[in-house]
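Presented below is the structure to which this report refers.
Convention: sequence-line order gives letters A, B, ...; per-chain numbering from 1.
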Amino acid sequence: MSIAITLPDGAIKRYETAVTGLEIAESIASGLRRNAVAVRVNGEQWDLSRPIEIDAEVAIITRDTEEGLEVLRHDAAHVMAEAVKELYPETQVTIGPAIENGFYYDFARDDAFTPEDLEAIEGRMKEIVKRNEEITREVWQRDQAIEYFNGIGEVYKAEIIAEFPADETITVYRQGEFLDLCRGPHLPSTGVLRDGFKLTKLAGAYWRGDPNNAQLQRIYGTAWSDKKQLKAYLRRMEEAEKRDHRKLGKALDLFHIQDEAPGSVFWHPKGWAIYTAVQNYMAAQQYKHGYQEIKTPVLVDISLWERSGHASKFGDDMFTLSSDERDYAVKPMNCPCHVQVFNQGLKSYRDLPLRLAEFGSCHRNEMSGALHGIMRVRSFVQDDAHIFCTEDQIQSEVKLFIDFLHEVYRDFGFEEIIYKLSTRPEQRVGEDADWDRAEQALEQALNDNGLDWELQPGEGAFYGPKVEFSLKDCIGRVWQCGTIQVDFSMPGRLDAEYVAEDGSKQVPVMLHRAILGSIERFLGILIEQHAGALPAWLAPQQVMVATIVTDANDYAEQVQAALHNAGIRAEVDLRNEKISYKVREHSLQKIPAILCIGQREAEQGTVAVRRFGSKQQSVVPLEQFIDEFSEEIESKQQFVVGE
RNA sequence: GCCUGCAUAGCUCAGUAGGUAGAGCAACUGACUUGUAAUCAGUAGGUCGUUGGUUCGAUUCCGACUGCAGGCUCCA
């Protein structure tokens, strides 16, 4: 018998007997063996120590690759579980996967883990790594495994295994005294994990993600190929946290939130300047793209929400109030109101597609634990719009919308967009045939645009499937911003109709769509994306005119007036302070341009320009600066480092 | 809503093994007229989130509440 092993470079190695990944790695280079964490055999991940007995394509997985890191992180979870079992034997283990940048493990235990426990666990993990326990794979019968785990009091593990088919064999991994159900692969021994890991946080998590189940204790950690990588990651996170919109919102005096209005934002002058800049931009864009802007009431009788179906599904999350013996809801969304506008007067097929847009002020009683800065609030404004169209027009409208969204995101400097298609949920309204067509229309539009999208089965809205467009915040959390949703149900429920070509009355299809989503959330992400240093067209203060001597005050005010005349947001700083003091302060405020004005500038009609992010100055005539800066605003240029 | 943690001056934070608190910056006053990331001196500023309890005495210990943070769940 001879086994042919094909390596990634096409080379073929022959072995007389079964060979392990570790042996193959060793035979290629000792460095490769040192960095090996697992092996890919015919596309499947295997343990390095598992004998390969047939001809196979084999690739060694090393610790510095994404795939290798995933193996390391998964092992870190197991080592953590072993440490927890050693320190707190009464604890039950449940599941512990690798995740982006790290891993977690969910434990069941009556006493809560404390931050001090975390240190102890991490210390024990290091010991386990030092012990370098061999990790071995064993194949068990399902029933044998259930019996074993129940026998040692690990009922969660037994429950997981009990869901496998009765005749299925399962794999368990043994390291020291610790035995865990696992598909693998795992490292040959705990020492291979090395020291690039750290436990980071403690959290509650429901068993199987269901709030009706017991709440487990989840310990998160991060793991990297070595300590250097770990430190680099921790430094990156530290840097990223400086971009947090809540910190910048305070430091740059943009907004605040206070106890009396949880989940609602108090916008300060500078924050509101950004807000209006964004909203005005969107209004102009929507007009350009064939939308008509409307405004609908915030307080609407509850009966409308009962007819639309929102009251029964979201009643608990709606703010309601009574007055003059009528019950009202503070609108949580705009669509039923937009249908009311559509319903005024008789509509013809010639009116379609009809695109109604609104900066709709919405309130939702979000759970207290869900609130997050200005990203997740109870009071927000959507750049909402509803497109009333025929079924034939869905495809092209969705395509137009995606192009529109891309144009907007590009202007704001967003390159990385996450696309998701969410399909029919269990609790829904409408016919399955309609859902079929709606889902296909969205999928088709995504594919026509050549986008790389992810399917989220069952995550659609109750009235229709949706495409979500998400962006990441400073530490990589994903937030949904844009969306487009196909709705075959609500127009009918709310009696919308139009006269078709043949004179018959038809129910239009409604597309719900938003590009920014919640303006509040979008601004939070925008602030983080730019670390507070917004490009000139969005900066709340675009130019600061700072005097060097009081003799230049008059000229500085003339400069400010000239900037105002050119439509530039400019402030003037006449304080009796040194110019370096003013430069420092306005630089910390991340103002795009500081114009320093001294005796010379006053005499020559020039300005000394210092752009944010640069230590250079250039002295130019005032008119030239205004022209160039206006052009920069006009073209929505991204952040520019000055000459 | 659930789990864990946190709440001290306008901001960032220190502190009290239980005896009603301190720094830097900001603010205010004065001096300095200044050329590109902090001029100097002085003054003022806090019911230590709210509320019960233990105690001779609570900002500190315990409980409740509110809010915030990180997760979980939810997200029309």
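Mapping A:G460 and A:S368 onto RNA chain B by nearest heavy atom places A:S368 at the nucleotide closer to the 5' end. Nearer the 5' end of RNA chain B, as judged by each residue's closest nucleotide, is the contact made by A:V619, out of A:E459 and A:V619.
Nucleic acid contact class of A:Q599 (heavy atoms, under 4.0 Å, all strands): base. A:R610 comes within contact range of at least one nucleobase, with a heavy-atom separation under 4.0 Å. Among the heavy atoms of the strands lying under 4.0 Å from A:I579 are primed sugar atoms or P, OP1, OP2 only; no base atom is included. Within the nucleic acid shown, A:Y104 has no heavy atom closer than 4.0 Å to any nucleic acid atom. Counting non-hydrogen atoms under 4.0 angstrom, A:D317 reaches a base of the nucleic acid. A:A205 comes within contact range of the sugar-phosphate backbone alone, with a heavy-atom separation under 4.0 Å but no base atom that close. Residue contacts for A:G209: at a heavy-atom cut-off of 4.0 Å it reaches the sugar-phosphate backbone alone, with no base atom in range. Among the protein residues, A:G373 comes within range of the sugar-phosphate backbone only, with heavy atoms under 4.0 Å from sugar or phosphate atoms but none that close to a base. A:Q217 comes within 4.0 angstrom of no nucleic acid atom, judged by non-hydrogen atoms across all strands. Among the protein residues, A:A112 comes within range of the sugar-phosphate backbone only, with heavy atoms under 4.0 Å from sugar or phosphate atoms but none that close to a base. Among the atoms of the strands shown, none is found under 4.0 Å from any heavy atom of A:A251.
Comparing B:A76, B:G1, B:G67 by their nearest atom to the side chain of A:M367 picks out B:G1. In this structure, of B:C72, B:U4, B:U36, it is B:U36 that holds the atom nearest to the side chain of A:S580. Across B:G35, B:A76, B:A37, the shortest atom-to-atom separation from the side chain of A:V583 is found for B:A37. Listed nucleotides: B:G35, B:A37, B:U39. Nearest to the side chain of A:K578: B:U39. Side chain of A:Y220, nearest nucleotide from B:C75, B:G71, B:U39: B:G71. Closest approach to the A:R600 side chain among B:U36, B:G35, B:U33 is made by B:G35 (side chain taken as heavy atoms from C-beta onward).
Across all strands shown, B:U43 forms a Watson-Crick or G-U wobble pair, both distances under 3.5 Å, with B:A27. B:A38 is unpaired under the criterion used here, namely a Watson-Crick or G-U wobble arrangement in which both key atom distances are under 3.5 Å. Pairing for B:U4 is with B:A69, a Watson-Crick or G-U wobble pair whose two hydrogen-bonding atom distances lie under 3.5 Å. Look at B:A21: it lacks any Watson-Crick or wobble partner with both distances under 3.5 angstrom. Remark: B:A58 base-pairs with no nucleotide; criterion is Watson-Crick or G-U wobble with both hydrogen-bond distances under 3.5 Å.
The base of B:G35 lies close enough to the side chain of A:E601 for a donor and an acceptor atom to sit less than 3.5 Å apart. For A:Y206 and B:G1, a side-chain-to-base donor-acceptor distance below 3.5 Å is present, hydrogens and geometry of angles not being considered. At a cut-off of 3.5 angstrom, counting only N and O atoms as typed in the model, there is a donor on one side and an acceptor on the other between the side-chain of A:Q215 and the base of B:C2. Under 3.5 Å, the side chain of A:R376 and the base of B:C74 form at least one donor-acceptor pair of N or O atoms.
Among A:L356, A:V507, A:L511, A:V509, the one residue that satisfies the side-chain contact (heavy atoms from CB on, under 4.5 Å) test with A:F388 is A:L356. Screening A:Q456, A:E454, A:E439 for a side-chain hydrogen bond (donor to acceptor under 3.5 Å, both in side chains) with A:S422, the sole residue that qualifies is A:Q456.
Rounded to whole angstrom, the span from the CG atom of A:L588 across to the P atom of B:C11 amounts to 18 Å. Taking atom CD1 on A:I99 and atom P on B:G70, their separation rounds to 15 Å, with Å as the unit. Atom OH of A:Y581 is separated from atom C1' of B:C32 by 14 Å (rounded to the nearest Å). Between the CG atom of A:N213 and the P atom of B:C72 there is a distance of 16 Å, rounded to whole Å. What separates CD of A:E366 from C1' of B:U73 is a distance of 12 Å, to the nearest Å. Between the CZ atom of A:R364 and the P atom of B:C75 there is a distance of 11 Å, given to the nearest Å. Distance A:R575 CZ to B:A38 P: 14 Å, rounded to the nearest Å. Whole-Å rounding puts the A:K201 NZ to B:C72 C1' distance at 12 Å.
Taking the six-membered ring where tryptophan is involved, the planes of A:H386 and A:H338 are perpendicular, since the angle between them exceeds 60° and thus also 30°. Aromatic ring pairs are classed by plane angle as parallel below 30°, tilted from 30° to 60° and perpendicular above 60°; the pair A:F522 and A:Y409 is tilted. Ring orientation note: the planes of A:H372 and A:H245 are tilted relative to one another, at an angle of 30° to 60°.
Side chain of A:N213 to backbone of A:W207: a donor-acceptor contact under 3.5 angstrom is found. In this structure, A:Q604 contributes its side chain and A:Q599 its backbone to no donor-acceptor pair below 3.5 Å. Judged by distance alone, the side chain of A:R243 and the main-chain N or O of A:A240 form no donor-acceptor pair under 3.5 Å. Using a distance-only test at 3.5 Å, with no hydrogens or angles considered, a donor-acceptor pair links the side chain of A:R521 to the main chain of A:Q480.
For A:K466 and B:A76, the shortest distance from a side-chain N or O to OP1 or OP2 is below 4.0 Å. Distances shorter than 4.0 Å separate some side-chain N or O of A:K250 from OP1 or OP2 on B:U12. OP1 or OP2 of B:A69 sits under 4.0 Å from a side-chain N or O of A:R246. Regarding contacts with the backbone of B:G70, a side-chain N or O of A:H372 is found under 4.0 angstrom from either OP1 or OP2. OP1 or OP2 of B:U73 has not a single side-chain nitrogen or oxygen of A:R208 nearer than 4.0 Å. Phosphate proximity of B:G70 to A:R477: present, with a side-chain N or O under 4.0 Å from OP1 or OP2.
Comparing the C1' positions of B:A9 and B:U47 gives a spacing of 13 Å, expressed to the nearest Å. The C1' atoms of B:A38 and B:C32 are separated by 15 Å, rounded to the nearest whole Å. Here the separation of B:C68 from B:G30, taken at their P atoms, is 42 Å to the nearest Å. Look at the P atom in both B:C6 and B:U16: the space between them is 15 Å, to the nearest Å. Look at the C1' atom in both B:U50 and B:U59: the space between them is 13 Å, to the nearest Å.
To the nearest 0.5 Å, atom CD1 of residue A:I475 and atom CZ of residue A:R477 are 3.5 Å apart.
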